[in-house]
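Written below as C-alpha cells is the structure these notes are about.
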Protein chains: 2
Amino acid sequence: MAKQKETITIYDVAREAGVSMATVSRVVNGNPNVKPATRKKVLNVIRQLGYRPNAVARGLASKKTTTVGVVIPDISNHFYAELTRGIEDIAAMYHYNIILSNSDLKKEKEISLIETLLEKQVDGLLFLGGEVTEAHREVFAATSVPIVLAATRDEKKELPYVTIDQIQAAKEATSVLIHEGGRRIALIGGPLTDSVNGYPRYLGYKGALEENDLPFDDELIRIGDYRYRSGYEAMTDLLKSKPDITSVFATSDEMAVGALHAAQDMGRKVPEELSVIGFENIPLSSQVRPLLSTVAVPMYDIGAVAMRLLTKYMNDEPVESGQVILQYRIELRNSTRLREWEEERL
Amino acid sequence: MAKQKETITIYDVAREAGVSMATVSRVVNGNPNVKPATRKKVLNVIRQLGYRPNAVARGLASKKTTTVGVVIPDISNHFYAELTRGIEDIAAMYHYNIILSNSDLKKEKEISLIETLLEKQVDGLLFLGGEVTEAHREVFAATSVPIVLAATRDEKKELPYVTIDQIQAAKEATSVLIHEGGRRIALIGGPLTDSVNGYPRYLGYKGALEENDLPFDDELIRIGDYRYRSGYEAMTDLLKSKPDITSVFATSDEMAVGALHAAQDMGRKVPEELSVIGFENIPLSSQVRPLLSTVAVPMYDIGAVAMRLLTKYMNDEPVESGQVILQYRIELRNSTRLREWEEERL
DNA sequence: CTGTTAGCGCTTTCAC
DNA sequence: GTGAAAGCGCTAACAG
C-alpha cells in the first residue's frame, strides 16, 4: 500500500463493487437497509481498496462535523488540563473530536478563536474559565451552535454552564480556619477584577468572617496571580507586616504552597503556629509537606459533565437544567488542625 | 442579529454585492487581484450580512483544512500539556488549529485515533511520546500526510522527530551523583519495556556507572510508573533493604519528589545524607523543599519545534534534517550537593 | 480585474 | 433493498 497519490473515493468503491454510491454510503454509515450479501461485498472492496471516508466531504453534505471547539485559558495549567481530559474522554465516548485553542484569558483572542471555530463548523462549543462579556454574548447569540460554559458561569443565566459554588466553597474553606480557632485570618486571593475566580472567592472569605462576627481587615488581604511565586511573596510580606496572623486562605493551591514555604522559611511551623488552606486540589497539594488542606474542585467532572451536556444540546435531547452546580469537597489534610468537617450546605 | 437559520453563503454575498462568487472568494482570501473599490463593496456586504466563510466547504474544494492532528498520551500530565502548549502556540502562529486526542499510550487506540484524524483530512499529524511499532509504520506509510514525532523517536530514522538525547541526559544526571561523591547510587526508573523513556534512561544510568568504574547492582534498581506514589514506595522499600545508599536517580520529577519525601519520612536528611535527582523539570520540582535537582527537558520547545517542522513539511519547504535533538540542561538545586556542572557533551 | 464553470467527496431525498 | 441525481459552499482553472 503505497502513498496514495490518487485518493480513492466512494465512487471508486461503488464502481468496483458494482453498486451505487448510495449503497456504499449506506454500508459505511451502518444503515440497515442493505442486503447482507451486498454489505459484505462492499466491505470487501473497501478493505481491498483501502478506502477511507472523507469526513470533510461528509461534513459538507451532512452539515455535521462531529467535532466540538474548546476555548481554554491555558492547557499547561493543571486545572484546565484536567478539565480538558474530562471533556475529551466524554467526547471520545460520543465519537466527537475536539479542537483545542488557548486564549490566555484575553477577551479579544477568545472572541476570535470562537469565530474561527464557528467557521470550522464545529457542532458545539465549550468555553472554559473565562468571563462572559457583552461581546461574547453577541457572538454566542448570533449562532445556532450550542455552547456550554465550564468552570465559569453566566450571571444572566442565558447560557448553560457547569461549575461549582465558588462563594460557598471559599466561605467553607475560611470557616475551617475559624472553627479550628483562627482569629487573624489572611487572604491571599486573585485579582478582585477577576469575576470568575478572584472576586467570588473573596466574597466567600468575607462572608465567613461576617457570619462568625470576626472583623474584616483590609490589611490582611494580598492579591496574587494564582502562581506559586506570588503566594510565596504575599506570605513573606504578610508575615513581616502582620506577624500575628493565625491562618491563611490562599485561593489556589500553588499560592497556598508558596505561602506555606514562605512561612516555613520564616520559621513558622505549619499547622502548629499557622494554618494554611488552598483551593483546587491539584496533585501538588498532596505532594508537599505538610500535605495541604484544600477545597477539592471536581475538575475532571466539570469537563465531563459539560461535554455530556453539550452532546444533549447537539442532539436536541431534553435537558433538565442548563445550569449545573457540582459539589466540591473540603479536603482536610495536614496544613490545618481541624480533623473533621461537616458544615451543612446552604 | 438573530440565530441565522438560513446560512448565508458566498453566493448571497456575490448577489448582494453585484459581483461573482469568484470575486467574493478573492476578497475573502486576500487575493490582491481585486479593485479596491470592489473589495470595499464586497467587504461591506459581508459585514452587513454577517457572512462567515465555511471552512469545511473550503477544505473540500481546496484539499486543505488548516488543522493538524495531535495524538498525545495524556493531556493531564504536565509534561505533555506543556508540549501541547508549545505546539498550539506555533500552530496558531501559522493559522492552524489542532485536534487533540488522548491515547493513554494504548497502541490500538493510537492507531485508531490516527485513522480518525486522517479521515478528518488533517494537513499534518503530530505523534507524541509513544513507541513507533510496525503497525504505526504501516499507517504512516499509507498516507501522504506529513507526520512528525515529538518526545519520542524513530529508531529506523524513517520518520522525522524532535526529542532530546535521553541516554546522555540520564548518564549526566547519574554522573552528578557520582561526582559529588556518591558510591551507592540507586535508580528509580520506569519500566524497562518502555522503550521511549524507561529503557534509555536506564541505559544512561548504567553507562555512567560503567564509565566511572562503579559496580552495577541490580538490587539498587526499582521500577515505578513515573508517579509520585510509586517513587515514594520505591524509596521506602529501597531504604529498608539497602540502607547504605548514598544517592538516588529517579527518572521523573514526581517519583523523585516521592522518593525525597520517603527519605525524609525515614529520617534521612536530603541532601546531607542522601542525594536525589529527578528528570523533566516540571513546576513541582521547584515547589518542594528542598528544591529538586533535575534534568531540565525543554518540553515547550520540543512541541514548538515539532510543530514548526511540521509546517515546513506541509508547505513542502526544504528541511535540513528531520531528526532534531534538542539540548537538555542539568538543573542543580538543593537535593544534591554539587554546585556546578559542566560535563562536555559527546 | 472579473466572471463562468467545473468539480471536491459525500449525504439525501425521491423513485423504483 | 437499491439507484439516480441534486446539492452542500467553496476554490480553481480558464476566459476574457
Side-chain angles (χ1 to χ4, degrees), chain A residues 4-43 45-46 49-67 116 118-123 144-145, chain B residues 4-43 45-46 49-67 116 118-123 144-145:
Chain A
Q4 298 168 342
K5 287 285 83 162
E6 356 66 42
T7 51
I8 109 106
T9 77
I10 202 174
Y11 177 75
D12 300 312
V13 176
R15 184 173 25 71
E16 209 64 24
V19 298
S20 73
M21 288 167 53
T23 299
V24 178
S25 174
R26 288 191 185 96
V27 349
V28 168
N29 293 295
N31 182 317
N33 290 359
V34 181
K35 207 195 305 177
T38 318
R39 176 184 308 280
K40 196 175 168 192
K41 186 172 56 180
V42 172
L43 250 18
V45 177
I46 286 181
L49 261 46
Y51 167 68
R52 175 151 42 216
N54 181 325
V56 170
R58 171 183 292 161
L60 182 57
S62 69
K63 295 179 171 306
K64 281 186 181 22
T65 54
T66 61
T67 108
T116 303
L118 256 15
E119 286 186 4
K120 297 239 167 165
Q121 310 300 117
V122 293
D123 293 340
S144 55
V145 171
Chain B
Q4 297 168 345
K5 287 286 84 162
E6 356 67 42
T7 52
I8 110 107
T9 78
I10 202 173
Y11 177 75
D12 300 312
V13 176
R15 183 171 29 71
E16 208 65 22
V19 300
S20 72
M21 287 165 55
T23 299
V24 178
S25 174
R26 288 190 186 98
V27 349
V28 167
N29 293 294
N31 183 317
N33 288 359
V34 181
K35 206 198 299 176
T38 317
R39 174 183 309 279
K40 198 176 166 191
K41 186 171 53 181
V42 172
L43 249 19
V45 177
I46 287 182
L49 262 45
Y51 167 69
R52 178 154 36 218
N54 181 325
V56 171
R58 172 184 292 161
L60 182 56
S62 68
K63 295 177 170 306
K64 280 185 181 23
T65 54
T66 61
T67 107
T116 302
L118 255 16
E119 287 186 4
K120 296 240 168 167
Q121 311 300 120
V122 293
D123 294 340
S144 55
V145 171

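Keep in mind that the numbers below use all heavy atoms, side chains included, and drop hydrogens, waters and symmetry copies. In the text below, chain A, chain B and the rest are named by the order of the sequence lines, each starting its count at 1. For clarity, every value in this text was computed on a predicted model and none was experimentally measured.
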To the nearest 0.5 Å, atom CD1 of Ile8(A) lies from atom CG of Asn54(A) at 11.5 Å

Value rounded to 0.5 Å, distance of OG1 in Thr116(B) from CZ in Arg52(A)
9.5 Å

We want to know whether Lys120(A) and Thr65(B) form a side-chain donor-acceptor pair, criterion being a heavy-atom distance below 3.5 angstrom.
no

I'd like to know whether Lys41(B) forms a side-chain contact (heavy atoms from CB on, under 4.5 Å) with Val19(B), so could you lay out the CA-CA distance, the side-chain angles of the two residues, the decisive distance to 0.1 Å, and finally the verdict.
CA-CA 10 Å; Lys41(B) 186 171 53 181; Val19(B) 300; 4.2 Å; yes

Does Arg26(B) contact dG3(C) through a side-chain donor or acceptor facing the base, at a distance under 3.5 Å?
yes

Thr7(A) side-chain N/O to dG9(C) phosphate OP1/OP2 under 4.0 Å
yes

Checking the side chain of Asp123(A) only, and the main-chain atoms of Thr66(A) only, is there a donor and an acceptor separated by less than 3.5 Å?
yes

For the side chain of Thr9(B), counting heavy atoms from C-beta on, which of dT4(C), dC10(C), dC10(D) is nearest?
dC10(D)

Please confirm whether the backbone N or O of Met21(A) pairs with a side-chain atom of Ser25(A), one donor and one acceptor, at under 3.5 Å?
no

Of the candidates dG1(D), dT2(C), dC10(C), the side chain of Asn33(A) sits closest to dG1(D)

Between Pro53(A) and Ala22(B), just flag the one whose closest nucleotide in DNA chain C comes earlier from the 5' side.
Ala22(B)

In whole angstrom, give the distance that lies between atom CD1 of Ile8(B) and atom C1' of dG9(D).
11 Å

Starting at CG of Asn29(B) and ending at C1' of dC10(D), how long is that distance when rounded to a whole Å?
9 Å

OP1, OP2 of dT2(D) versus side-chain N and O of Ser20(A): anything below 4.0 Å?
no

Taking 4.0 Å as the cut-off, does a side-chain nitrogen or oxygen of Ser25(B) come that near to OP1 or OP2 on dT11(D)?
yes

Checking the side chain of Asn31(B) only, and the main-chain atoms of Val27(B) only, is there a donor and an acceptor separated by less than 3.5 Å?
no

Could you check which residues of residues 56-66 of chain B get a heavy atom under 4.0 Å from DNA chain C? Sort them by number, please.
Leu60(B), Ala61(B), Lys63(B)

Under 4.0 Å, heavy atoms only, any strand: does Val19(B) hit a base, just the sugar-phosphate, or nothing?
sugar-phosphate

May I ask you to test the Ile46(A)-Glu16(A) pair for a side-chain heavy-atom distance under 4.5 Å?
no

Going by heavy atoms closer than 4.0 Å, what residues in residues 35-43 of chain A are next to DNA chain D?
Lys35(A), Thr38(A)

In Å, rounded to the nearest 0.5 Å, how long is the span from OG1 of Thr9(A) to CZ of Arg15(A)?
8.0 Å

Rounded to whole angstroms, how far apart are CD1 on Ile10(A) and P on dC8(C)?
14 Å

Go through the steps for Ile10(A) and Tyr51(A) under the test side-chain contact (heavy atoms from CB on, under 4.5 Å), then give the verdict.
CA-CA 8 Å; Ile10(A) 202 174; Tyr51(A) 167 68; 3.8 Å; yes

Go nucleotide by nucleotide along DNA chain D from the 5' end; which of Met21(A) and Val34(A) gets its closest nucleotide reached first?
Val34(A)

Rounded interatomic separation in angstrom, taking CZ from Arg15(A) and P from dA4(D):
14 Å

Rounded off to whole Å, could you give me the CZ-to-C1' distance for the Arg52(B) and dC10(D) pair?
16 Å

Under 4.0 angstrom, heavy atoms only, what part of the nucleic acid is Asn54(A) near: base, sugar-phosphate, or nothing?
sugar-phosphate

When rounded to whole Å, the CD to C1' distance for the pair Gln121(A) and dC10(D) reads 11 Å

In whole angstroms, the gap separating P of dC10(D) from CG of Asn31(B) amounts to 16 Å

Please determine whether a side-chain nitrogen or oxygen atom of Tyr11(A) lies at a distance below 4.0 Å from atom OP1 or OP2 of dG7(C).
no

